[in-house]
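Quick note on labels: first sequence line is chain A, next is B, and so on, each numbered from 1.
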Amino acid sequence: MLDNHILSLSIWVPILAGILVLFTGSDKNATLARWIALAGSVAGFLVTLPLYTRFDRADGDFQFQEGFDWIPSFNIHYHLGADGIAVPLILLTSFITVIVVLAGWEVIQKRVAQYMAAFLIMSGLMIGVFTALDAVLFYVFWEAMLIPMFLVIGVWGGPNRVYATIKFFLYTLLGSLLMLVAFIYLFHHTHSFEIVDYYMLPIPMEVQILIFMAFFMAFAVKIPMWPVHTWLPDAHVEAPTGGSVVLAAIMLKLGAYGFLRFAMPIAPDAAHYLSGFMITLSLIAVVYIALVALVQQDMKKLIAYSSISHMGFVTLGMFIFNPLGMEGGIVQMISHGFVSGALFLCVGVLYDRMHSRQIADYGGVVNTMPTFAAFAVLFAMANAGLPGTSGFVGEFMVILGALQQDFWYAFLAATTLIFGAAYTLWMVKRVFYGDIGNAHVAALKDVNRREFLILAILAAMTLGFGLYPAPLTEITHATVTQLLSHLAQSKLPGTI
Amino acid sequence: MNNPIVYDLMAARPEILVLTMAMVILLVDLFLSERHRYVGYVLSQLTLLGSAILTVATHTPGVAYVFNGMFVDDPMADVLKLMMSLATSVVLVYSRSYIATRGMYRGEFFALVLFALLGMMIMVSGSHFLTLYMGLELLSLSMYALVALDRDNPRATEAAMKYFVLGALASGMLLYGMSMIYGATGALELGQVRNALMSGQPDHAVLILGLVFVVAGLAFKIGAVPFQMWVPDVYHGSPTAVTLLIGSVPKFAAFAFFMRLLIQGLEPLGIDWQGMLIIMAVLSISIGNITAIAQTNIKRMLAYSTISHVGFLLFGFLAVGPNGYTSAMFYISAYVLMTLGAFGILLLLSRQGFEAEHLDDLKGLNQRSPWYAFIMLLLMFSMAGVPPTLGFYAKFTVLQAALQAGFVGLVIFAVLMAVIGAFYYLRVVKLMYFDEPIDQTPIKPQADVAFVLSVNGLLVLLIGLMPEWLMELCAYAIAQSIQ
């Protein structure tokens with residue numbers, strides 16, 4: 001019986017585990033809370049595995065569908081399903097949750113149960129976003145997810161956490177509410193909140209543009225695209241390590257996923273019409289934000305800007321409308337999930353020891369932490385797009401895709417290989433190499449077994465996907481093909 | 001049953017029960033010693049339970065006009081009376097220890113609460129200008145007295161005075177407007193007024209003049225901008241237990257008042273009052289939300305939040321039609337549930353000699369009591385309209401009704417204002433979760449308060465997960481009552 005409810009299990013196992021963790025109460029039972037959280041996150045990961053093994057790779061449609069009538073008054077259904085784009089993201093989410101629970105093991109000493117519960121519940125809600133096939137259900141997951149993240153940044157964050165977390169919340173809320181208006185508009189024309197029904201609805205061009213812009217407000221903020229990215233560096237800098245990892249590894253992907261699931265298929269003509277606009281914004285993110293990253297003094301801020309720049313690749317890949325670009329964008333999403341998550345963990349490792357994220361406070365860390373430095377350099381290389389790491393695959397595919405479209409797109413996108421290498425390697429040089437910077441660095445201890453385990457797993461994933469990305473692309477391929485053929489058809493009234 | 005008087009009286013059984021018991025409590029209280037004050041409380045709770053049970057037991061899906069068309073017993077009235085009885089009961093549970101420590105634990109308090117409830121029930125069932133007006137005055141007079149009940153408190157006395165003077169002015173406007181409409185149509189009963197309007201005979205100029213006064217009076221009573229001035233002062237000045245009452249249950253009656261007067265009576269003038277409501281809705285949402293940001297007193301903040309919620313409520317009436325009215329009724333039910341909980345938390349934090357009314361009093365609540373902090377968190381996110389809480393569906397239904405009626409610009413405006421509104425709700429969460437407590441007094445509520453408050457808070461989440469039954473209940477009430 002449970003076989004038919006894999007997606008429900010993926011959502012509700014972590015959420016229920018999170019609620020269970022909350023019942024351990026005060027910090028007197030912190031150890032118990034940690035172990036329950038670990039068990040819950042591992043269970044949450046295990047229940048998502050069948051999505052990979054049982055996925056029919058030849059079928060580009062939604063699989064593992066399940067559902068029931070939820071709010072018949074408005075024809076709202078609890079309807080879940082996952083296609084080739086959602087499955088890798090679901091697995092990434094449940095995997096990263098295990099990492100985050102482990103990463104917070106000793107670092108978090110204050111209100112441990114609430115911390116762990118927030119991440120578990122967030123994990124379930126994010127999987128809900130990736131699997132919802134009903135617009136209202138999607139919206140509920142999408143917004144509900146903000147509540148635990150708001151608390152994570154606000155309770156366990158840095159000195160300026162209140163500003164950062166309220167900015168994060170309000171920015172996202174503004175975009176989301178406009179998306180809700182678009183959903184209600186579509187509901188009045190289809191009498192349904194089923195996303196698939198929206199795919200079939202003919203919509204005039206002016207309306208398509210408005211709908212696309214409403215979705216743009218919601219998703220561009222989340223990705224984030226230039227110029228609505230300003231919340232991200234603040235949120236990243238103030239968030240605890242776990243919060244940064246989830247933000248970078250998963251939450252940013254939600255925006256890109258939203259474009260693929262809603263904005264593009266519902267308003268394909270507007271998507272084509274506005275593709276120049278989207279590509280321009282993407283390229284600004286790729287080039288300009290990379291330059292901004294170059295001058296950052298704070299390691300977390302640098303990685304945050306680098307995330308924006310890398311997400312520019314994802315949107316670029318999506319809006320050049322060819323299979324190579326789109327698949328490259330998806331590979332880039334997954335790869336960035338591992339790499340940026342790992343980089344934030346590395347900063348976390350240093351921060352836990354030195355309580356500083358300023359590049360200037362470090363220097364010569366390799367002398368005292370050789371094992372850690374090896375991992376950090378690997379992830380930095382992956383971030384810079386070194387061939388053999390997963391960072392290379394996605395970027396290369398997108399650049400090839402862009403080349404088919406326009407030489408100059410590809411040219412500008414390719415500058416990232418220079419700028420990305422510049423800001424990453426320059427940071428690595430200043431933090432890890434050279435002489436030992438000061439007495440604090442001299443006193444550093446290398447990674448412990450827990451940290452080693454986390455970084456080793458992520459390193460294996462980064463190299464694995466870099467050398468052999470086929471397991472990922474074969475899952476997404478059929479769905480991408482189907483999506484592109486859908487996008488190629490006009491939805492203007494009269495043409496279908 | 002064949003006797004028409006008996007038939008008429010049967011339709012008003014819950015009202016008769018409440019009236020009788022209010023007088024009984026007043027009398028019984030004379031013979032009670034200080035130690036036995038709880039008798040009044042128990043009797044009131046039994047009355048409210050009885051009125052809830054009677055309302056359900058005597059419910060029929062049909063519409064019955066009694067007392068020569070002055071009083072109507074329809075499903076909308078029944079549903080609202082049930083909700084009002086339950087909400088009043090919750091008010092009393094939350095208030096008990098607060099009023100006991102402030103010398104208000106007396107028969108007068110309970111009798112006045114019951115008289116207020118009676119007034120509201122009559123408003124809900126009024127189908128005649130005079131019945132509606134009588135119900136409103138009974139409610140208002142009881143409220144003025146309740147606000148001033150703590151008579152040695154200068155702030156409460158000032159609030160009562162302000163409430164009374166402005167309330168009387170509003171009642172006067174309402175009555176004046178009604179008299180104009182009576183002059184033009186020659187009818188006082190809502191059905192006849194409507195028929196007269198439909199015939200197109202009455203003088204439009206007189207009607208419009210009357211309508212303006214009626215709408216102004218209504219806006220005043222419900223606290224819509226530009227007639228909102230009394231709301232923050234009265235919320236702030238009243239003892240918190242009375243603020244809880246003012247802020248919650250009468251909103252049901254105000255909703256019914258709008259339904260009866262504007263929809264059942266004056267719907268043919270819809271084009272005219274719609275314009276007025278649009279202005280009031282827009283102003284209420286913006287001024288309510290923006291002014292709330294500047295408040296440091298949480299009672300005032302909730303007062304401005306109420307004003308903004310009223311703006312959203314008016315959206316439901318703008319979308320003329322059952323869909324809009326259902327959404328408004330759903331909104332008001334959600335609103336009352338959230339308000340009860342929010343003031344319940346304030347009452348929980350207040351104790352002998354200490355009023356929890358500053359935002360800073362909520363600081364570090366998560367460390368003092370994670371459970372009640374969580375309840376307040378749910379309530380705040382619900383008021384901000386964030387799913388998966390009830391408040392989201394309230395906004396959702398109202399916005400979809402307004403959008404269906406074609407008010408795209410208004411809806412987008414409301415959505416932007418909702419983002420501004422989210423800020424001050426988030427600030428409350430910030431104080432509870434991110435800050436260190438100032439006050440370390442342990443929070444030890446009595447078992448009944450702990451239970452009801454927990455259920456109240458969890459309902460905001462649970463109805464948010466399963467809103468269908470409440471939506472259906474509202475849809476049923478409206479569909480069966482409004483033709």
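Under the 30°/60° scheme for interplanar angles, the aromatic rings of Phe381(B) and Phe169(A) are found to be tilted.
Considering only heavy-atom pairs separated by less than 4.5 Å from chain B, the leading option among Tyr139(A), Trp142(A), Phe187(A) is Tyr139(A). The candidate with the highest count of non-hydrogen atom pairs below 4.5 Å against chain A, out of Tyr433(B), Phe374(B), Phe423(B), Trp469(B), is Tyr433(B). The candidate with the highest count of non-hydrogen atom pairs below 4.5 Å against chain A, out of Lys430(B), Met471(B), Gln404(B), is Gln404(B).
Atoms CH2 and CG, on Trp70(A) and Leu465(B) in that order, are 7.0 Å from each other to the nearest 0.5 Å. Atom CD of residue Glu472(B) and atom CD1 of residue Ile71(A) lie 11.0 Å apart, to the nearest 0.5 angstrom. Rounded to the nearest 0.5 angstrom, Asn366(B) CG and Arg111(A) CZ are separated by 5.0 Å. Note: Leu416(B) CG to Leu178(A) CG = 6.0 Å, rounded to the nearest 0.5 Å.
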Residues 145-162 of chain A, side-chain donor-acceptor partners within the protein, below 3.5 Å, at least two apart:
residue, atom, partner, partner atom, Å
Trp156(A), NE1, Lys110(A), O, 2.8
Arg161(A), NE, Gly154(A), O, 2.5
Arg161(A), NH2, Phe434(B), O, 2.8

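The closest side-chain heavy-atom distance from Leu180(A) to Val415(B) is not below 4.5 Å.
His188(A) places no side-chain N or O within donor-acceptor distance of the main-chain N or O of Ala401(B), the cut-off being under 3.5 Å.
Using a 4.5 Å cut-off between heavy atoms, Leu125(A) makes no contact with chain B at all. Looking at Ile412(B), only its side chain comes within 4.5 Å of chain A, counting heavy atoms on both sides. The part of Tyr393(B) that comes within reach of chain A is its side chain, from C-beta onward, which places non-hydrogen atoms under 4.5 angstrom from that chain. Residue contact with chain B, scored on non-hydrogen atoms closer than 4.5 Å, is absent for Ser176(A). Leu170(A) touches chain B through backbone and side chain together, each having a heavy atom under 4.5 Å away. For Leu377(B), the part sitting under 4.5 Å from any heavy atom of chain A is the side chain, from C-beta outward, and nothing else. Only the side chain of Phe392(B) has a heavy atom closer than 4.5 Å to any heavy atom of chain A.
Contact record, Val181(A) with Leu403(B): O-CD2, 3.7 Å, taken as the closest heavy-atom pair.
Side-chain contact, Glu468(B) with Ser73(A): a donor N or O sits under 3.5 Å from an acceptor N or O.
Proximity of the aromatic rings of Phe74(A) and Phe330(B) is defined here by a centroid distance below 6.0 angstrom, and this criterion is not met.
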